[in-house]
Amino acid sequence: MKSLAAKDVTYEYRNSFQTVRAVNGVTCEFQQGVVYAIVGSSGSGKTTFLSLLAGLDVPTSGSVELDGESTANANRDDYRLNHVSVIYQNFNLFYHLTVLENGAYPLYVRNMPKKKANELARERLLQVGLQESQFKRLPNMLSGGEQQRVAIARALASGSEIILADEPTGNLDSTNSRNIVEILQRLAHEEKRCVIIVTHDPSVAEAADVVLQMKDGVLTQPE
């Protein structure tokens with residue numbers, strides 16, 4: 001079982017006028033098979049912290065470690081390709097690729113044979129509730145909820161142990177939000193992924209196994 005840990009993580013933004021400490025001494029461990037929700041007001045440091053967990057940047061001090069190896073010392077391209085998938089609020093799909101090609105994209109990057117990659121992506125797209133008839137469509141031919149399902153299927157197809165979701169229900173209605181949360185719960189509880197969700201949505205937080213609160217860059221567990 002993979003273990004993702006933040007150890008006394010601090011991250012600072014600097015410019016010629018000021019230094020802003022967006023993340024302030026966070027220590028926390030995340031396990032597979034668990035859904036975590038990180039809540040907090042805008043500007044509290046949630047998304048910055050998620051980007052550090054994703055290996056998109058490294059801490060100013062402290063470390064983010066996967067099984068004891070710091071992302072600062074690792075090949076972060078490999079880390080993102082093989083261990084971590086990010087589901088974005090704005091989906092981050094490739095709009096010139098079909099639904100099937102978007103779902104298979106992480107596998108193409110790994111040089112998996114196209115036929116095998118498409119078969120795996122097809123399985124995952126069906127798993128999240130999309131239909132075969134939609135696979136040849138471009139993303140802008142789908143609803144917001146359907147596009148988010150493609151993004152989740154892409155994360156599933158990648159096989160990553162760690163799924164990071166940044167406001168995954170922010171653009172969706174309540175029905176689609178519930179569906180997305182149920183998919184993320186199944187990822188953790190049935191497929192033993194580590195799912196970490198940054199959210200403002202109380203219903204998403206209620207569905208998590210563990211709720212963490214970010215305030216002024218400090219992460220705590222509400223009492």
Side-chain angles (χ1 to χ4, degrees), residues 3-15 17-66 70-72 80 84-92 144 148 151-152 155 160-174 176-185 187-189 193-223:
S3 173
L4 180 66
K7 297 185 176 179
D8 199 21
V9 168
T10 295
Y11 187 81
E12 295 178 343
Y13 296 102
R14 293 187 178 92
N15 60 35
F17 301 103
Q18 63 179 342
T19 297
V20 176
R21 182 165 288 189
V23 178
N24 189 8
V26 170
T27 296
C28 190
E29 187 169 356
F30 303 94
Q31 300 289 344
Q32 286 179 244
V34 181
V35 179
Y36 299 86
I38 300 178
V39 301
S41 60
S42 296
S44 62
K46 304 185 305 297
T47 296
T48 300
F49 183 57
L50 202 73
S51 73
L52 295 172
L53 296 179
L56 297 172
D57 210 336
V58 295
T60 305
S61 63
S63 61
V64 171
E65 300 179 4
L66 180 65
S70 170
T71 55
R80 289 190 297 271
V84 176
S85 288
V86 183
I87 301 168
Y88 297 94
Q89 181 178 357
N90 62 355
F91 319 132
N92 271 28
Q148 190 63 291
I152 292 174
S160 300
E161 308 98 341
I162 300 160
I163 307 294
L164 306 176
D166 189 6
E167 299 284 2
T169 63
N171 292 323
L172 307 180
D173 60 33
S174 59
N176 276 309
S177 293
R178 282 195 300 274
N179 291 337
I180 295 303
V181 169
E182 287 172 3
I183 291 168
L184 293 172
Q185 287 176 315
L187 280 176
H189 300 155
R193 314 289 182 99
C194 173
V195 177
I196 304 171
I197 308 169
V198 161
T199 185
H200 283 103
D201 187 336
S203 65
V204 175
E206 287 172 10
D209 302 309
V210 177
V211 178
L212 301 167
Q213 184 164 15
M214 183 76 84
K215 183 177 181 181
D216 298 329
V218 176
L219 194 66
T220 59
Q221 191 162 340
E223 297 180 0

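Quick caveat, the model's predicted, so the values are computed rather than measured.
Listed for the T10 side chain is a donor-acceptor partner under 3.5 Å among the backbone atoms of G25. With hydrogens and angles disregarded, no donor-acceptor distance shorter than 3.5 Å links the side chain of K46 to the backbone of I38. Side-chain atoms of E167 come within 3.5 Å of backbone atoms of H200 as a donor-acceptor pair (strictly under, hydrogens ignored). Listed for the E65 side chain is no donor-acceptor partner under 3.5 Å among the backbone atoms of K7. A donor-acceptor pair under 3.5 Å is absent between the side-chain atoms of R80 and the main chain of A54, judged by distance alone. A donor-acceptor pair is defined here as one N or O able to donate and one able to accept, closer than 3.5 Å; no such pair exists between the side chain of E161 and the backbone of Q32. Of the possible donor and acceptor atoms, one in the side chain of T27 sits under 3.5 Å from a partner among the backbone N and O of D8.
A donor atom on one side chain and an acceptor atom on the other are not found under 3.5 Å apart for T199 and D201. Between the side chains of S63 and S70, no donor-acceptor pair is found at a separation under 3.5 Å. Side-chain contact annotation: T48 with Y13, donor-acceptor N/O pair under 3.5 Å present.
For N90, the side chain to side chain contact (heavy atoms under 4.5 Å, CB included) partners two or more places apart in sequence, or in a different chain, are Y88, N92.
Atom CG of D216 has 12 or fewer neighbouring heavy atoms from other residues, nucleotides or ligands inside a 6.0 Å radius.
A distance of 5.0 Å separates CG of L219 from CE of M214, quoted to the nearest 0.5 Å.
Listed here is the closest heavy atom pair of Q221 and V211: CG-O, 3.5 Å.
Below 30°, between 30° and 60°, or above 60°: for Y36 and F30 the angle between ring planes is above 60°, a perpendicular geometry.
Tested against L66, the residues L53, I162, T71 include a single side chain to side chain contact (heavy atoms under 4.5 Å, CB included) partner, I162.
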